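Have a look at the structure below before the remarks.
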Amino acid sequence: MLLPIMPSMFGRMTGSSRRRSTRIAWAETVNVVAATTAASVSEATINFMARQVGPFYRAIHLGPSVTDWSVGGRVFFTGELPPSRRSGVIMLGSHGHHSYTENAMKALEGVRVLDMTHVQSGPTCTQLLAWFGADVIKVERPGKGDATRSQLRDIPDVDSLYFTMLNHNKRSITLNTKHETGKDIFTRLIQECDVLAENFAPGALDRMGFSWERIQEINPRIIYASVKGFGPGPYEDCKVYENVAQCTGGGASTTGFPDGPPVVAGAQIGDSGTGLHLALGIVSALFQREKSGRGQRVVCAMQDGVLNLCRVKLRDQQRLAHGPLKEYPQYPNGTFGEATPRAGNASGGGQPGWIVKCKGWETDPDAYIYVIAQAAAFDGLARAVGHEDWLNDPQWNTPAARLPKIDQMFTEIEQWTQTKPKLEVMEILNPLNVPCGPVLSMKELSEEPSLRETGTVVEVDHPTRGPYLTVGNPIKLSDSPAEVQRSPLLGEHTDEVLRDVLGMDEATIEAAKAEGAV
Ligand code: CAO
């Protein structure tokens with residue numbers, strides 16, 4: 001008899017079930033496989049079981065390649081699917097036992113994403129979904145692929161780091177979505193997927209014949225997610241890249257020194273920042289679909305994403321109407337204009353902070369540390385930098401007294417920090433509860449053992465480039481560990497996806513190739 005399976009069982013996976021599971025050779029990329037050896041249990045019953053568990057759960061049917069799946073009263077099976085298709089699985093046997101694969105269940109397992117994204121913003125989003133276990137099928141133009149495959153190449157004829165570092169854990173298929181057969185295949189993929197993500201120039205998918213209305217017709221449950229440069233308005237048709245978004249979203253006008261030009265940040269708040277926003281939108285829409293049964297449109301404009309990240313600067317814009325911004329370096333000697341000004345390295349919060357030089361700054365461009373002179377830890381800071389005299393001096397011993405002299409205070413602090421390497425400064429100040437952080441270079445970050453240990457910096461092997469470093473999933477889920485798998489080669493999974501997801505036979509796949517559709 002088949003037993004009902006509840007999704008919560010995934011969360012209670014024990015060490016012994018992990019070990020036991022290593023005997024399972026493969027499983028389809030679905031959340032639940034309901035299966036049985038009993039001839040009396042029909043295919044319809046198996047499908048019914050999967051649907052009871054939830055909308056992300058599907059049944060698969062054990063084909064003739066399944067040779068052995070009942071061992072010693074437990075249920076196992078073996079088969080021929082490649083390891084890349086293994087995933088969390090519960091099987092029901094005629095004895096009512098269940099088991100798991102060696103991989104813990106992933107948060108988004110069973111979610112299939114049709115990934116039309118390219119360059120940086122969209123791929124950031126779908127890479128996160130892939131790390132959380134979604135089956136992300138990246139659709140690329142035959143022969144060309146994502147433009148970043150060949151941009152900023154460091155090794156001839158090898159996928160660039162730009163591409164490999166943004167497309168981990170995905171499958172790649174080539175498909176010409178402007179070709180008639182390609183459109184048929186695309187339509188069938190829309191039917192099979194939970195999410196369609198894209199970040200083309202405005203209207204590109206509509207021009208291919210896939211408007212939101214048409215996509216909903218094909219699959220009312222699909223979530224159609226897009227990154228665009230701007231929301232509806234005067235600029236909605238514009239193409240946008242990172243720095244354009246940083247300029248139009250408020251980042252550049254508020255970054256830099258008061259007497260210098262606007263500056264863009266190294267952190268990719270326009271592209272990767274908006275990709276992060278989109279990922280949250282997609283996951284929220286999937287959650288809502290659990291209740292509504294319907295998909296929906298998710299759109300993130302890069303201008304909106306950057307402005308969201310610059311929220312505190314819009315706060316300051318409104319504070320300006322009520323007097324000078326006292327934590328800005330313009331106070332009290334400089335002037336404020338009509339808009340939030342650039343604040344150099346001043347702390348964005350209510351506590352004064354600045355970047356000060358450390359030992360070696362003359363030759364090392366990163367020999368600096370950020371120090372916050374928080375009121376609560378000021379005594380310790382003053383003593384550490386050799387200014388015990390400040391503690392009893394009414395000119396220095398209150399935040400209000402120090403406020404007009406912040407420049408002078410950090411000059412004094414810097415006299416001390418310049419005598420010590422940045423990490424030593426941190427070691428001294430941290431126990432005193434003085435918030436501080438050394439300026440770490442990309443070289444230092446790439447060599448930092450603790451980041452390697454947590455999987456935030458990972459070495460990945462690639463068949464044509466060899467080993468390379470990348471940033472792993474910065475979001476850590478205790479029940480959904482993210483292993484970083486290399487990015488796919490162009491079209492590496494075309495046959496596999498057409499065969500396994502769409503059920504196309506070899507002859508039809510070959511015909512589509514010959515036509516130039518895939
Ligand atoms: N088969 C057939 N055609 C395909 C295809 C496929 N698999 N994939 C893409 N194409 C076509 C598109 O349909 C489009 O054709 P049309 O112009 O005829 O509609 C064409 O390829 C080029 O797409 P694009 O205009 O999006 O690409 P671009 O290089 O000119 O512009 C970018 C790139 C990023 C500026 C633009 O896509 C954009 O503004 N996107 C939205 C904002 C965004 O995400 N920016 C961040 C980028 S990361 O820095």
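Everything quoted here is computed from the prediction, not taken from an experiment. Counting convention: from 1, in listed order, for ligands and their atoms alike.
Annotation for ligand 1: atoms under 4.0 Å from non-hydrogen atoms of L175 are 1 (N), 6 (C), 7 (N). Each of the following atoms of ligand 1 lies closer than 4.0 Å to a heavy atom of H118: 26 (O), 27 (O), 33 (C), 37 (O). When each atom of ligand 1 is checked for a heavy atom of V227 under 4.0 Å away, the hits are 41 (C), 44 (O). Listed by atom number, the atoms of ligand 1 under 4.0 Å from S121 heavy atoms are 43 (C), 44 (O), 46 (C), 48 (S). Near Q120, meaning under 4.0 Å from any of its heavy atoms, are these atoms of ligand 1: 48 (S).
Counting only heavy atoms of the protein, atom 40 (N) of ligand 1 lies nearest to N199 O, 2.9 Å. Here the heavy atom of the protein found nearest to atom 23 (O) of ligand 1 is F200 CD2, 4.0 Å. Looking from atom 33 (C) of ligand 1 to the surrounding protein, the closest heavy atom is Y241 OH, 3.5 Å.
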Trace of the side-chain contact (heavy atoms from CB on, under 4.5 Å) decision for H168 with T470:
CA-CA 10 Å; H168 294 109; T470 192; 2.9 Å; yes
Checking R486 against E492 for the salt bridge (Lys or Arg N to Asp or Glu O under 4.0 Å) test, could you report, in this order, the C-alpha distance in whole Å, the side-chain angles of both residues, the deciding distance, and whether it holds?
CA-CA 12 Å; R486 68 164 174 89; E492 186 176 344; 2.7 Å; yes
One pair to check against side chain to side chain donor-acceptor pair (under 3.5 Å): S172 and E140. What are the steps and the verdict?
CA-CA 7 Å; S172 162; E140 299 182 79; 2.9 Å; yes
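Considering each of C238, S226, A201, the one bringing a non-hydrogen atom nearest atom 38 (C) of ligand 1 is A201. One option in H179, M208, K178, Q268 has a heavy atom closer to atom 14 (C) of ligand 1 than any other, and that option is K178. By heavy-atom distance, the residue among K239, R141, R207 lying nearest atom 5 (C) of ligand 1 is R141. The residue from T124, D271, T174 that puts a heavy atom closest to atom 49 (O) of ligand 1 is D271.
Looking at T274 against ligand 1, nothing comes within 4.0 Å, counting heavy atoms. Residue-level proximity to ligand 1 for N176 is carried by backbone and side chain together, each with a heavy atom below 4.0 angstrom. Residue contacts with ligand 1, taken as heavy atom pairs separated by less than 4.0 Å, do not involve M116 at all.
A salt bridge is defined here as a Lys NZ or Arg NE, NH1 or NH2 lying under 4.0 Å from an Asp or Glu carboxylate O, and D154 with R465 meets this definition.
Partners of D159 by side chain to side chain donor-acceptor pair (under 3.5 Å), not counting sequence neighbours, listed by chain and number: R149. Applying the side chain to side chain contact (heavy atoms under 4.5 Å, CB included) test to L309 and every residue at least two apart in sequence or in another chain returns I269, H277.
In this structure, a donor-acceptor pair under 3.5 Å is present between the side chains of D115 and T126. Under 3.5 Å, the side chains of D206 and S211 contain no donor-acceptor pair of N or O atoms.
At distances below 3.5 Å, not a single donor-acceptor pair connects side-chain atoms of Q303 with backbone N or O atoms of F230.
Considering backbone and side-chain atoms alike, M302 places every N or O at 3.5 Å or more from each N or O of ligand 1. Some N or O of V240 is nearer than 3.5 Å to an N or O of ligand 1, by distance alone. Checked by distance only, ligand 1 and V139 stay at 3.5 Å or farther apart across all their nitrogen or oxygen atoms.
Here the side chains of L490 and K138 are not in contact, with every heavy-atom distance at 4.5 Å or above.
A 6.0 Å sphere centred on CD of E338 holds no more than 12 heavy atoms belonging to other residues, nucleotides or ligands.
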